[in-house]
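Residue numbers start from 1 in every chain, and the chains themselves are labelled A, B, ... in the order their sequence lines are given, proteins ahead of strands.
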Amino acid sequence: MELNFTAEDQAFRAEVRDFIEANYPIELKRKVEAGLELGKDDYVRWQKILHAKGWIAPKWPVEFGGTGWSPTQRYIFEEELTAASTPRIIPFGLAMLGPVLMEYGSKSQQARYLPDILSSDTWWAQGYSEPGAGSDLASLKTRAEPQGDHYLVNGSKIWTTYGHYADWIFCLVRTSQEEKKQKGISFLLIDMNDPGISVAPIITADGKHVVNQVFFEDVRVPKENLVGEEGAGWTIAKFLLGHERTNIAGVAASKRQVLRIKEIAGREQSGGRSLLQDQRYRDKLSQLEIELLALEYTNLRVLSAEAAGQQIGPEASLLKVKGTEVQQRITELLVEAVGYYALPYDLDALRFGWQEREPIGPDYAAVLAPHYFDWRKSSIYGGSNEIQKNIISKAVLGL
Amino acid sequence: MDFSFTEEQQMLKDSVDRFVQNEYDFDARQKLAATDPGYSEAHWQTFAELGWLGITFAESVGGYGGSAVDSAIILEAFGRGLVLEPFLASVVLGGNLLARAGSAEQQAACLPQVIEGQKKLALAYFEPEARYELSHVTTRAEFVDGGYLITGRKGVVLHGATADWLIVSARTAGGPRDVAGVSLFLVDAATAGVETRPYRMVDGLMGAELGLSRVRVGSDALIGELDLGLEVLEWALDYGIAGVCAEAVGCMDRLQELTLEYMKTRQQFGVALGSFQVVQHRMAEMFMACEQARSLAYMAAVKVDSAPQERRRALSAAKVYIGQAGRLLGQESVQLHGGIGCTDELNVPHYFKRLTAINAWFGDESYHLGRFAGTE
Ligand SMILES: Cc1cc2nc3c(=O)[nH]c(=O)nc-3n(C[C@H](O)[C@H](O)[C@H](O)COP(=O)(O)OP(=O)(O)OC[C@H]3O[C@@H](n4cnc5c(N)ncnc54)[C@H](O)[C@@H]3O)c2cc1C
């Protein structure tokens, strides 16, 4: 057992760090560090910087524009990106659709869509969930009826993250009614500019607009936009699930947040000393850090198994459950740290910072309670934590 | 031993429940929260007419001679409706403090108007770096020319900007964190030098930052004894704790109902979600937490007027438990609602927000665990 990174790994880390240091715009860094809202332009700007360096898609095979890095290098890369507070890479095109097209897409689909995913010139959204089909995704009802050279799509998708930014959406749709629900599902690419599509915003509990409901009314989608065979949608969705779960534990991001707790608790006063020296608070923080260490080492074990060529299966569920528990606990401890000043709510300060205005309470406080409320979503999306535990109990434990 | 309500209390409960039912559906509440004072003056007048604003005060000042149990009854019902009006600020905190420690003149000047809903009180005790330590008071009141000049800053004053009178804690002796040397003053909000910056809070209620610069008050503005204000303040905040505990029980009760209803109706995998045993057990946990919280909320209301150590122990115990139960109910209700539970449009996350805010008011779990242990 060797728990340290090799000298080459360390050198690689230094290279990544230097690149970020030299190329990451400071305005963007300030926004991310303060937990402010990022817009489409912010994400695209950073992704284009990575793309110019050839580092935007480390997981992709080299022939499609990937980096050819080992799993360990990819892990280090992620760590460095997060430690430097860079914006998250929007996953829908790069982490989700890209691998699907490489595996199931036709040559012409690959040629048409992959370059713009790589360069972030197209923004993709994920159209899976529906009002009646969440955890039970296979019960989805959005229909795509074959009519000559196209499909006629009717129905609605919900919780579509950044659907209002999207140029395209990949959808699971029902192309036929089958005895086994999964069999009638297909994977379809739809241009968001097509007539018959409308997007309605959904405001989340923190007051922000990130998710949407997307409506399809007699939308004509060319048959060439079908990925794989008709009826192969479920198989593709399961394949994609494996990719969706990379970096699911979010260890690097949580480490960064633990530093933030220490910074804030170090500045907050409690009974004449800093809150960080308050034993009751400190114990909670230590507990959290220990949980995070366990997660980090489990994540590394999975990583080394992957590097040795093993497939990751239901272990991903463990990483998702424990990862989101840690993230949610972080948001709780941040709210606790600021006491009464978690209460004032100022939507502008939450989105853009206090700018010229005098902050209400400490300037870091405004985002904390809204983040706490909002981050409850992490145990709901991407397969809820209940569903992950069902997977563990069935697939791992055989219950 | 008797946990039942008197006949009058039962009538009070029915009448507040009816008000919440008829006037406080969630959409109406959200519209109200977005208006300028953030609540309804018309509702406030209704509260006055129905006698709710005077429930805990002596008959001699126009009240009805009730107790903390009566205000708990009102607040539990308010919790179910996420009521926005400044009952806690004006009646439970401000009014009770004045009724306990104010001079006969102060009471006669203020309480009848508070009870009739013509004027409102707010309690300004928290300071920007104080966290939950009540003795952390840096606002100073200097004795000059037979009166006081008050200068300092107060933070997160509940309904501070719509109050006609502010009760302000200020230091008249000693250093910034000394227990002795804190006095309480009744300040007309219209006095020169009083500046408020109102804002909405995460739970839709209104708060304010308060700046006091050389605010001149007469010597008759002093509430209770010079330098000994802290004891009264702590009692008033314990009264506030009893109030928010009752309100939290109302919130939890409603959350539980809403989630139970959803678990019975939401279908996935061809069955109602409530048919999964893991969901059943979690609903059972929520039920148990809510009932235990209710028990402690009743205890808290009864013990507000017991001897200080007994009172502190009881109120801290209730506050800790209700903080934890509130978190459980809030988080689980959101989780079990899935995506819809994350939306602003649904009432569920708003109960979660109010419960989260209640945990911070008057000291969070950590603070009250400490105070509880200190009462041994
Ligand atoms: C902020 C956010 C962003 C999202 N972004 C996207 C997106 O971009 N694209 C997209 O397609 N979807 C997206 N989703 C949807 C997300 O994947 C679904 O919300 C999720 O699958 C849960 O479905 P549901 O909301 O319908 O909840 P339900 O499935 O109705 O579940 C409600 C509750 O019941 C529990 N439950 C369900 N079944 C069981 C069971 N068998 N045993 C025990 N408990 C169970 C669930 O865990 C949950 O707690 C997003 C969701 C959120 C909140």
**Student:** Give the C-alpha distance, both sets of side-chain angles, the deciding distance and a yes or no for side-chain contact (heavy atoms from CB on, under 4.5 Å) between Ser135(A) and Phe269(B).
**Tutor:** CA-CA 8 Å; Ser135(A) 299; Phe269(B) 306 101; 3.9 Å; yes
**Student:** Do Gln269(A) and Glu133(B) have side-chain atoms, one donor and one acceptor, less than 3.5 Å apart?
**Tutor:** no
**Student:** Do the side chains of Glu365(B) and Lys284(A) get close enough for a salt bridge, i.e. N-O under 4.0 angstrom?
**Tutor:** no
**Student:** Between Glu127(B) and Tyr340(A), does any side-chain donor sit less than 3.5 Å from a side-chain acceptor?
**Tutor:** no
**Student:** For the pair Gln268(B) (side chain) and Gly132(A) (backbone), establish whether a donor and an acceptor sit closer than 3.5 Å, ignoring hydrogens and angles.
**Tutor:** yes
**Student:** Report which part of Glu209(B) has an atom under 4.5 Å of a heavy atom belonging to chain A: side chain, backbone, both, or neither.
**Tutor:** side chain
**Student:** At a heavy-atom separation under 4.5 Å, does Thr356(B) approach chain A through its side chain, its backbone, both, or neither?
**Tutor:** side chain
**Student:** Do Gln331(B) and Tyr372(A) touch side chain to side chain, with heavy atoms closer than 4.5 Å?
**Tutor:** yes
**Student:** Lys353(B) side chain to Ala205(A) main-chain N or O, any donor-acceptor pair under 3.5 Å?
**Tutor:** yes
**Student:** So which part of Glu332(A) gets closer than 4.5 Å to some heavy atom of chain B, the side chain, the backbone, both or neither?
**Tutor:** side chain
**Student:** Quick check: are there more than 12 heavy atoms from other residues, nucleotides or ligands sitting under 6.0 Å from CD of Glu178(A)?
**Tutor:** yes
**Student:** So do Trp159(A) and Ile340(B) actually touch side chain to side chain, heavy atoms under 4.5 Å?
**Tutor:** yes
**Student:** Any side-chain heavy atom of Phe276(B) within less than 4.5 Å of one from Glu386(A)?
**Tutor:** no
